[in-house]
There are 2 protein chains.
Amino acid sequence: MDSEVARGRALDAAERLFYGRGVQAVGMDDVRGDSGVSLKRLYQLFPAKEQLVVAYLERRDARWRARLAEHVDRYEEPGTRILAVYDWLGQWFAEPDFRGCAWINAYGELGATSAPVADRVRAHKGAFREFLDGLAAGAGLPAAVGGQLFLLAEGAMVTAGVTGGTEPARAAREAARVLLGAAGADTPAADAVGVSPPSATR
Amino acid sequence: MDSEVARGRALDAAERLFYGRGVQAVGMDDVRGDSGVSLKRLYQLFPAKEQLVVAYLERRDARWRARLAEHVDRYEEPGTRILAVYDWLGQWFAEPDFRGCAWINAYGELGATSAPVADRVRAHKGAFREFLDGLAAGAGLPAAVGGQLFLLAEGAMVTAGVTGGTEPARAAREAARVLLGAAGADTPAADAVGVSPPSATR
DNA sequence: AGAAGTGGAGAACGGACGTTCTCTGTGCTT
DNA sequence: AAGCACAGAGAACGTCCGTTCTCCACTTCT
């Protein structure tokens, strides 16, 4: 098996298992069994479990943010783009294997004992925060509003993770809409906002 | 040593250690060392570690909510009472040993593997949510606003836990103020709100 | 064909930790 | 004073798990 393929399979299995059961509840042998990559190869690719965890968080971070950006980029109007974030969160929450935010969970598990993991979590949250700041700036809003939108999103993730429902996304969206309106965003009033992509007319 | 005293000391040590380092990073022997309660006694009081964890979460929940309620009850005006929640969160975040929300952390660590722990987390978050719903109702606001206030608070806890700062509380407070204003709460406009307790004129 | 390197399966090692057990001392009861 | 219940200290046990090692089949190059 090619090294790249092995790496991909190992990370696929690690992501499935770590995210689904928690990092500490999954042994390297579980990863081996689920990926078909032998222990020897696993340790060649990732010399310690912690590095596999970090690689899992990094790869998931890249994909998560790419998917979010892709969804948001289906819209052009700045206010709509902001609200689209919460629509996308709602879709995420509805996925059958959704188990909360991988980074918040990892931080709860390892933040106090593993500096590399804690760093990855901070990096991910920082990048998401900057993404929202960018959206806010695009709507002519101050960065403070970006921070508020961030808090709403984080709260929705945590709440959806713990309660298992999807409606925190709707509540966060509604709150965001109010905040945008009060901040005088360059945006329509917008109950109709976000019901369908403007260009996704396929 | 009296049984009640031993229980209290065990829970004190468990709380300090579990909250500070994470549950899985702390062994029963650490609890023994920190509490001075022998292993035999520990297992008489809590037949398994999981029960010690549950007891820790329950006791902390009672104290956390009592302190929050106590702070909020220093105010009478409904809008002020709501904003006081975020002031209190800011005080909490500023405590030197603050390491995020104990329940969110515990859920990330054990939510997938321990149903009793997951139940305790849901119970705590449910109670906090109801507390905010009550405050919202007191201000003549619909329960939906309570949900939004809840998301802001949760987001602030997570963000403060990960980044280690206290300013998420201020950001959440500001967002809450905007939401209250937009929802037409029976409340003053309120930059001056919450700077000092109305009756704490000592 | 033979040699040498590669990779996989899985045993083995070492430490950590949840839980139980043993031993010893102590204070209380009769 | 003798016996007894209990408590503490800490050893012991069993399991789990991260990591390494052994052994063997297979490929590849000369």
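Chain naming here is simple, since letters A, B, ... match the order of the sequence lines and numbering starts at 1 in each.
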> Going through the distances and angles, do Phe18(B) and Val53(B) end up as a side chain to side chain contact (heavy atoms under 4.5 Å, CB included)?
Replying inline: CA-CA 8 Å; Phe18(B) 288 159; Val53(B) 176; 3.8 Å; yes
>> Just to verify, what does Arg170(A) make a salt bridge (Lys or Arg N to Asp or Glu O under 4.0 Å) with, not counting sequence neighbours?
In response: none
Ion pair check, [X] and [Y], cut-off under 4.0 Å:
X	Y	result
Glu174(B)	Arg177(B)	yes
Asp2(A)	Arg7(A)	no
Asp12(B)	Arg9(B)	no
Asp30(A)	Arg16(A)	no

Between [atom2] on [N] and [atom1] on [X], what's the gap in Å once rounded to a whole number?
X	N	atom1	atom2	answer
Gln44(B)	dA5(D)	CD	C1'	12 Å
Leu52(B)	dG18(C)	CG	C1'	12 Å
Arg41(B)	dG10(D)	CZ	P	17 Å
Asp2(A)	dG7(C)	CG	P	11 Å

> Under the side-chain contact (heavy atoms from CB on, under 4.5 Å) test, which residues partner Glu130(B), sequence neighbours left out?
Replying inline: none
>> Based on the rotation axes of five pairs at each end, what angle does the helix from dA1(C)-dT30(D) to dT30(C)-dA1(D) bend through, to 10°?
In response: 20°
>> Would you compute the distance between atom CZ of Arg173(B) and atom CH2 of Trp88(B) and round it to the nearest 0.5 angstrom?
In response: 15.5 Å
> If every non-hydrogen atom of Leu179(B) is compared with every non-hydrogen atom of Leu179(A), which pair is closest and at what distance?
Replying inline: CD2-CD2, 4.2 Å
Only distances under 3.5 Å count here; give the side-chain donor-acceptor pairs of residues 89-105 of chain A to other protein atoms, sequence neighbours excluded, each with its distance to 0.1 Å.
| from | atom 1 | to | atom 2 | distance (Å) |
| --- | --- | --- | --- | --- |
| Arg99(A) | NE | Gly20(A) | O | 2.8 |
| Asn105(A) | ND2 | Arg99(A) | O | 3.0 |
| Asn105(A) | ND2 | Cys101(A) | O | 3.4 |

>> Please list, in numerical order, the residues of residues 106-115 of chain A that have a heavy atom closer than 4.0 Å to any atom of DNA chain D.
In response: none
> Using a cut-off of 4.0 Å between protein heavy atoms and nucleotide atoms, how would you tag nucleotides 18-23 of chain D 5' to 3' with B, S and -?
Replying inline: SBB-B-
